[in-house]
A.B. asks: 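Have a look at the structure that comes next, please.
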Amino acid sequence: MRPCLSCLMALLLLLSPAAGNLGDLELMTPSSDSSFFLGSGSGSLSSSDSHSGSQPFSNFTGSMDDRGTCQCNVALPDTTFPVVRVEQLEFTAHILTQTFETELSKVREYVQLIEVYEKRFYNLTARVEIMEKNSIYYSKLDFELIKIEVKEMEKLIIQLKKGFVGSSEVVDRLEVEIRNMTLLVEKLETLDKNNVLSIRREILALKNRLKECEASKSENPPAILPPAPGNCSHGGVVNISKPFVVQLNWKGFAYKYGAWGRGYSPENPDEVLYWVAPLNTDGRYLQYYRLYNTLDDLQLYTNYREYQVYYGQGSGTAVYKNNMYINFYNSQNIAKVNLTTNTVTVSRALPDAAYNNRFSYANVEWQDIDFAVDENGLWVVYATEASTGNMVISKLNDTTLEVIDTWQTRQYKPSVSNSFMVCGVLYATRTLNTRKEEIFYYFDTNTGKEGSLSITMSKMQERVQSINYHPFEQKLFVYNDGYLLYYDLTFLQKPQ
C-alpha cells in the first residue's frame, strides 16, 4: 500500500496550530518503503530510519485502497494549553503588584513624616542645648513652651508608630529620644527653681557693684544719674525705650480694651502689686480684674486673686495706695474700690465732667474719665461742655475724691489717643501709624505752661487703650489691643 501524499499534507494542516510556525517544518520526500513520523525534537517531519535521532511525536499511516481513496490514520498527542491557569497567574501577579505599590506609597509617606519629625526634633534639641548652656537667660515661661512642644512631638511619634507596618526600629529610637528629652526638660526646670533664679539675682547685684566700683575709680567726674524714684528733680520726659512685651491679658485676644499697671503707694514705694483690668468685649464694661504679687506670676497666669465688680466703665482705671479708682457705669460718678475687700468705700460725682462717650480719646471709646497717678498723687483727666471738649486736669484728694485744684488746657481731648502724668506734667499722645505713637503735647500744672513735643513711641498693635505711669519704677504700663507692655522713661537732667 502506497503512502498517500495528500494524507501527509492534511496532517500538516491539522497540526499547524500546535506545531507553531509551519515555516519551521522541513518536508521530507517519503520513499515507497518508509513510514513517516513527526519529529518531536524540532517540529519537522523526518524518516524513521535507523540513522534518525528523532523521537516520534505523533505517528500516522496512509494508504490508498482499491478504489483510489486515500486513507489516513493519525495518533495526536495531548497538546492542550493551560489557558485558565495562565489567566489565574496573571490576575494574581496584578493583585500582588497593586499591593506592593500601596505598601510602597505608605513607606514613602512614612519616610517623609519621619524627615519632618526629625527636623522638628533637631530644632527642639538645639533649643534645649541653648537653655543648658545659657541657663541665666531663660525663665519659667520658656520651660512651659518647651514642655508643650515635647508633648506634641511625643503624640506625633505615637501616632506614627501605630500606623507604621513593618520594621519600627527608627520610630522606636525616635520615641526613646523624645522621652529622654522630656526628662531633661523636667530636670532643667527643677534646676531652675532651685538655683538659676537666685543666680540671676546674684549676677545682677554683682553687675551693679561693678558699675559702682568702676565709677568710683574713674578719674573723670561721675555721670549724672537718673533722678531717684519718686523724685522730680529733672526737666521732664525727653525719651522713651522700646516696648517690653510682658504678656497677653489673661482673657485672650478678644479682650482688646482695658488697663494694667503696678500699684503705687508713697508710704511703701517698692511694694509689688500688679493689676490687670480687661474690659468686656464691648469695650465698655469693667467686670473682672486680677491682682498679682510678682511679675512672674502675671506672666504664667498663676497665684492670682480675681475679683468681680458690677459698676466699672472704660479703661481709665488706676491704682493708688491699695485702692482702685474707676468711672461708675453710665454716670459721671467716680469711685474708690478697696482692693483688700473689693468694696466701694467712696463714690461721688466729678463736677461738670462729660461722660458716656461724649469726649473720649481718639480710637478708644468710653474713656471720658481717665485717672492718673504720679509722684504728686492722684489725678483725673476729662473734658466738659464748658471746655468744648478740651482736656481738663484735676488734682484729687485720694481719700474723699474731692477736687483740690483744676487746670484748663487748649488741647482737644478727642484728638488725643491717650495721656499720663509725671511730676505734675500732663503728657498726651497721638497715633502716627499702626506701629508708632508720638508724645506730642504737654501741660505743666506747676507753671501753667503748655507746648509741643515729638517723642516717638513704638507699639505692638494699632491702638493704645490706656497708659499708667509708676513713679518708683519710672515706667509706663500700656494696654495695647490686649497686650501688656511697659516702657522705660528718660528724663532731662538738670545741671548740678
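When a residue number appears, it is its place in the shown sequence, counting from 1.
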A.B. asks: When you compare the side chains of Asn280 and Gln287, does any donor N or O come within less than 3.5 Å of an acceptor on the partner?
C.D. replies: yes
A.B. asks: State, to 0.1 Å, how close Asn390 and Ala383 come at their nearest heavy-atom pair, and which atoms those are.
C.D. replies: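 Closest approach of Asn390 to Ala383, heavy atoms only: O-CB, 3.5 Å.
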A.B. asks: Do any N or O atoms from the side chain of Lys395 and from the backbone of Asn376 form a donor-acceptor pair under 3.5 angstrom?
C.D. replies: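 A pair under 3.5 Å: yes.
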A.B. asks: Mind listing the closest non-hydrogen atom pair of Tyr289 and Val337 along with its distance?
C.D. replies: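 In terms of heavy atoms, the two residues are closest at OH-CG1, 4.4 Å.
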A.B. asks: Can you see whether Tyr257 engages Arg463 through a side-chain donor-acceptor pair at a distance of less than 3.5 angstrom?
C.D. replies: yes
A.B. asks: When rounded to the nearest 0.5 angstrom, what is the spacing between CG in Leu350 and CG in Leu396?
C.D. replies: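 Here the interatomic distance stands at 7.0 Å.
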A.B. asks: Compare all side-chain heavy atoms of Gln332 with those of Asp352 and state whether any distance is below 4.5 angstrom.
C.D. replies: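 They are not in side-chain contact.
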A.B. asks: State whether the side chain of Glu450 and the backbone N or O of Gly448 hold a donor-acceptor pair below 3.5 Å, judged by distance alone.
C.D. replies: no
A.B. asks: Whether the side chain of Asp398 engages the backbone of Leu401 through a donor-acceptor N/O pair (distance < 3.5 Å, no angle test) should be reported.
C.D. replies: no
A.B. asks: Whether the side chain of Ser347 engages the backbone of Ala335 through a donor-acceptor N/O pair (distance < 3.5 Å, no angle test) should be reported.
C.D. replies: no
A.B. asks: List the atom of Tyr310, the atom of Tyr285, and the distance in Å for their closest heavy-atom pair.
C.D. replies: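 Result for this residue pair: CA-OH, 3.2 Å.
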A.B. asks: Are Tyr311 and Tyr329 close enough, and set up right, to give a ring-ring contact (aromatic ring centres under 6.0 Å, His included), and what steps lead you there?
C.D. replies: CA-CA 5 Å; Tyr311 35 74; Tyr329 187 83; over 10 Å; no
A.B. asks: Scan side-chain atoms only and decide if Glu365 and Ser360 contain a donor-acceptor pair under the 3.5 Å cut-off.
C.D. replies: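 Not at all, the side chains of Glu365 and Ser360 share no donor-acceptor pair under 3.5 Å.
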A.B. asks: Does the pair Asp481 and Gln465 meet the rule for a side-chain hydrogen bond (donor to acceptor under 3.5 Å, both in side chains), with working shown?
C.D. replies: CA-CA 7 Å; Asp481 277 341; Gln465 282 76 23; 2.8 Å; yes
A.B. asks: Between Ile369 and Ala353, which heavy-atom pair has the shortest distance, and what is it?
C.D. replies: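 Taking Ile369 first and Ala353 second, the nearest heavy atoms are CD1-CB, 4.3 Å.
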A.B. asks: Are Met421 and Ile393 packed together at the side-chain level, in the sense that at least one heavy-atom pair is separated by less than 4.5 angstrom?
C.D. replies: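 Yes, side chains in contact.
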A.B. asks: Check whether Asn338 reaches the backbone of Thr343 with its side chain - one donor and one acceptor, N or O, closer than 3.5 Å.
C.D. replies: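 Side chain of Asn338 to backbone of Thr343, a donor-acceptor pair under 3.5 Å: no, none is there.
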A.B. asks: What are the two closest non-hydrogen atoms of Asn468 and Ala259, and how far apart are they?
C.D. replies: ND2-CB, 4.2 Å
A.B. asks: Between Thr456 and Glu438, do the side chains contain an N or O donor and an N or O acceptor separated by less than 3.5 Å?
C.D. replies: no
A.B. asks: I'd like to know if the side chain of Asp444 and the backbone of Lys449 have a donor-acceptor N/O pair within less than 3.5 Å.
C.D. replies: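 Not confirmed, Asp444 side chain does not pair with Lys449 backbone.
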A.B. asks: Should the ring pair His470 and Tyr264 be called parallel, tilted or perpendicular, given that the plane angle runs from 0 to 90° and is split at 30 and 60?
C.D. replies: perpendicular
A.B. asks: Is a side-chain N or O of Asn433 found less than 3.5 angstrom from the main chain of Lys436, in a donor-acceptor match?
C.D. replies: yes
A.B. asks: Using 30° and 60° as the class limits, which term best fits the ring planes of Trp379 and Trp407: parallel, tilted or perpendicular?
C.D. replies: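 Ring orientation of Trp379 relative to Trp407: tilted.
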A.B. asks: side-chain hydrogen bond (donor to acceptor under 3.5 Å, both in side chains) between Asn268 and Ser265: does it pass, once the steps are laid out?
C.D. replies: CA-CA 5 Å; Asn268 191 12; Ser265 175; over 6 Å; no
A.B. asks: Identify which one of Ser315, Ser417, Ser415, Ser419 satisfies the side-chain hydrogen bond (donor to acceptor under 3.5 Å, both in side chains) criterion when paired with Tyr361.
C.D. replies: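 Considering Ser315, Ser417, Ser415, Ser419, a side-chain hydrogen bond (donor to acceptor under 3.5 Å, both in side chains) with Tyr361 is found only for Ser419.
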A.B. asks: Can a donor-acceptor pair be found, under 3.5 Å and without considering hydrogens, that links the side chain of Tyr487 to the backbone of Ser458?
C.D. replies: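 Such a contact is found between Tyr487 side chain and Ser458 backbone.
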A.B. asks: Please tell me whether Asn330 and Asn356 have a donor and an acceptor in their side chains that are separated by less than 3.5 angstrom.
C.D. replies: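 Their side chains do contain a donor-acceptor pair, which is all the 3.5 Å distance test asks for.
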A.B. asks: Distance-only, no hydrogens or angles: does the Thr490 side chain make a donor-acceptor pair with backbone N or O of Val238 under 3.5 Å?
C.D. replies: no
A.B. asks: State the CG-CZ distance between Asn249 and Arg290, to the nearest 0.5 angstrom.
C.D. replies: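 It is 9.5 Å, given to the nearest 0.5 Å.
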A.B. asks: Is a side-chain donor or acceptor of Asn357 paired with a backbone partner of Trp366 at a separation under 3.5 angstrom?
C.D. replies: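 Pair found, side chain donor or acceptor close to backbone of Trp366.
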A.B. asks: How far apart are the C-alpha atoms of Thr294 and Asp296, what are their side-chain angles, what is the distance that settles it, and do they pass the side-chain hydrogen bond (donor to acceptor under 3.5 Å, both in side chains) test?
C.D. replies: CA-CA 5 Å; Thr294 69; Asp296 283 344; 5.5 Å; no
A.B. asks: Give the ring-plane orientation class for Tyr486 versus Phe477, where under 30° counts as parallel, over 60° as perpendicular and anything between as tilted.
C.D. replies: tilted
A.B. asks: Check the orientation of Tyr427 and Tyr442. Use parallel for under 30°, tilted for 30 to 60°, and perpendicular for over 60°.
C.D. replies: tilted
A.B. asks: Phe359 vs Tyr382, test: ring-ring contact (aromatic ring centres under 6.0 Å, His included). Steps then yes/no.
C.D. replies: CA-CA 8 Å; Phe359 295 116; Tyr382 57 103; over 10 Å; no
A.B. asks: For Val373 and Val319, which heavy atoms make the closest approach, and how far apart are they?
C.D. replies: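 Taking Val373 first and Val319 second, the nearest heavy atoms are CG2-O, 3.9 Å.
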